Amino acid sequence: MIPPRLPDNEKRRQFEVNKYQLLDTIPESSYDNITALMAYICDAPISLITLLDKDRNFLKSHYGLPFNESPRAISFCGHAINSQDAITIVEDSRKDERFHDNPLVTEHQAIFYAGAPLTNSEGFKLGTLCVYDTKPRKLTKE
């Protein structure tokens, strides 16, 4: 497993995350509606709205998972906010050196991942809107 690196602008990025005052807040139906819709559209069992905090991945909304945070060091979303791609796609995490022995893969069968950064108006990537599946797959337009 390769933990995600911290962005070069991490101190300011974290300041921007904190400005929204969403960390450690209770579930809200507006966010839950988004993750339910994403799971449906992508035909995926898991959909999340994440915010990357100092040492954890806070799940502002979690569809298909019983927990609301995970360590940032094992976060797929930590890699997604570092990517220049509009969407980070991992078709089969078992074949990717960044994730093959990650606990999310080995214990929770997070095999497929697609995540788009949530970027504020100042250009800081605060977290992601993402989906996971328990089987390898491709993201298609159909």
Side-chain angles (χ1 to χ4, degrees), residues 1-10 12-14 16-142:
M1 182 183 94
I2 300 172
R5 66 172 176 72
L6 294 178
D8 294 337
N9 64 358
E10 178 60 17
R12 179 65 194 272
R13 191 203 66 80
Q14 186 64 54
E16 294 293 322
V17 169
N18 292 337
K19 275 189 358 185
Y20 288 88
Q21 298 180 348
L22 291 170
L23 295 172
D24 299 314
T25 56
I26 61 173
E28 296 177 58
S29 61
S30 57
Y31 294 99
D32 294 343
N33 290 340
I34 293 168
T35 53
L37 182 60
M38 283 300 299
Y40 175 76
I41 289 170
C42 295
D43 191 25
I46 298 166
S47 179
L48 310 171
I49 294 174
T50 72
L51 295 167
L52 285 148
D53 197 9
K54 293 177 183 77
D55 59 356
R56 67 186 170 137
N57 195 15
F58 175 70
L59 312 181
K60 175 57 186 159
S61 179
H62 50 99
Y63 178 91
L65 286 180
F67 50 87
N68 68 353
E69 68 179 56
S70 63
R72 185 170 176 173
I74 64 171
S75 169
F76 282 59
C77 301
H79 288 279
I81 69 163
N82 287 321
S83 175
Q84 297 305 312
D85 297 330
I87 301 175
T88 298
I89 298 173
V90 180
E91 293 178 353
D92 189 339
S93 59
R94 300 167 299 183
K95 297 177 180 177
D96 189 310
E97 68 178 354
R98 296 172 296 174
F99 307 111
H100 69 94
D101 58 349
N102 182 309
L104 295 173
V105 176
T106 60
E107 297 171 24
H108 298 285
Q109 289 71 52
I111 306 302
F112 170 82
Y113 170 85
L118 299 174
T119 307
N120 73 359
S121 61
E122 295 185 35
F124 291 94
K125 296 176 182 179
L126 311 177
T128 66
L129 174 60
C130 63
V131 294
Y132 285 92
D133 204 335
T134 56
K135 61 183 184 260
R137 57 184 283 195
K138 295 183 182 297
L139 193 62
T140 64
K141 294 180 182 179
E142 299 176 12

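As the structure is a prediction and not an experimental result, all values here were calculated from the model.
Among all heavy-atom pairs drawn from R56 and E69, the shortest one is NH1-OE1, 2.8 Å. Scanning both residues, H62 and L65, for their nearest heavy atoms gives ND1-O, 2.9 Å. Minimum interatomic distance between T134 and P45 (heavy atoms only, all atoms of both residues): N-CG, 4.4 Å. When all heavy atoms of G115 and A80 are compared, the closest pair comes out as O-CB, 4.3 Å. Considering all non-hydrogen atoms of both residues, L139 and A114 come closest at CD2-CB, 4.1 Å. The heavy-atom pair separating I87 from A116 by the smallest distance is CG1-CB, 4.3 Å.
Within the structure, the salt bridge (charged side-chain N to carboxylate O under 4.0 Å, His left out) test picks out the following pairs touching residues 114-124 (sequence neighbours left out): R12-E122, K19-E122. Within the structure, ring pair (Phe, Tyr, Trp, His ring centres under 6.0 Å) pairs that include any residue of residues 16-47 do not occur (at least two apart or interchain). Applying the ring pair (Phe, Tyr, Trp, His ring centres under 6.0 Å) test to residues at least two apart or on different chains, the pairs with a partner in residues 69-105 are F76-F99, F76-Y113, F76-Y132, H79-F99.
Side-chain contact between V17 and L52 is absent, with no heavy-atom pair separated by less than 4.5 Å. Residues K60 and T25 form a side-chain contact, since some pair of their non-hydrogen atoms from C-beta on lies under 4.5 Å apart. At least one side-chain heavy atom of V90 sits less than 4.5 Å from a side-chain heavy atom of R98. In this structure, the side chains of I49 and L59 stay at 4.5 Å or more apart for every pair of heavy atoms.
E16 CD to L126 CG: the interatomic distance, rounded to the nearest 0.5 Å, is 7.0 Å. Going from atom CD1 of I81 over to atom CZ of R5 covers 9.0 Å, rounded to the nearest 0.5 Å. One distance of note links SG of C130 with CG of N57; it measures 7.5 Å at 0.5 Å rounding. Rounding to the nearest 0.5 Å gives a distance of 10.0 Å between OG of S29 and CD1 of I34.
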After noting the C-alpha distance and the side-chain angles of Q14 and L6, does the key distance pass the side-chain contact (heavy atoms from CB on, under 4.5 Å) rule?
CA-CA 11 Å; Q14 186 64 54; L6 294 178; over 6 Å; no
Decide yes or no on side-chain contact (heavy atoms from CB on, under 4.5 Å) for L51 and D53, but give the supporting numbers first.
CA-CA 6 Å; L51 295 167; D53 197 9; over 6 Å; no
The test is side-chain contact (heavy atoms from CB on, under 4.5 Å); show your working for F112 and V131 and say whether it passes.
CA-CA 8 Å; F112 170 82; V131 294; 4.1 Å; yes
Given S47 and C42, is the side-chain contact (heavy atoms from CB on, under 4.5 Å) satisfied, shown in steps?
CA-CA 9 Å; S47 179; C42 295; over 6 Å; no
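The environment of F58 atom CZ is dense: over 12 non-hydrogen atoms of other residues, nucleotides or ligands sit within 6.0 angstrom.
When the salt bridge (Lys or Arg N to Asp or Glu O under 4.0 Å) test is applied to D32, no partner is found at least two apart in sequence or on another chain. Not counting sequence neighbours, the partners of T119 by the side-chain contact (heavy atoms from CB on, under 4.5 Å) test are P117, K125. Applying the salt bridge (Lys or Arg N to Asp or Glu O under 4.0 Å) test to D133 and every residue at least two apart in sequence or in another chain returns K135, R137. For N68, there are no side chain to side chain donor-acceptor pair (under 3.5 Å) partners two or more places apart in sequence or in a different chain. Listed by chain and residue number, nothing satisfies the side chain to side chain donor-acceptor pair (under 3.5 Å) test with D55 (two or more places apart in sequence, or in another chain). Remark: T128 pairs with T50 by the side chain to side chain donor-acceptor pair (under 3.5 Å) rule, at least two apart or across chains. Contacts of K95 classified as side-chain contact (heavy atoms from CB on, under 4.5 Å), with partners at least two apart in sequence or in another chain: D92. In this view, E10 and R13, R72 satisfy the salt bridge (Lys or Arg N to Asp or Glu O under 4.0 Å) rule, not counting sequence neighbours. Every residue two or more places apart in sequence or in another chain was checked for a salt bridge (Lys or Arg N to Asp or Glu O under 4.0 Å) with D101, and none qualifies.
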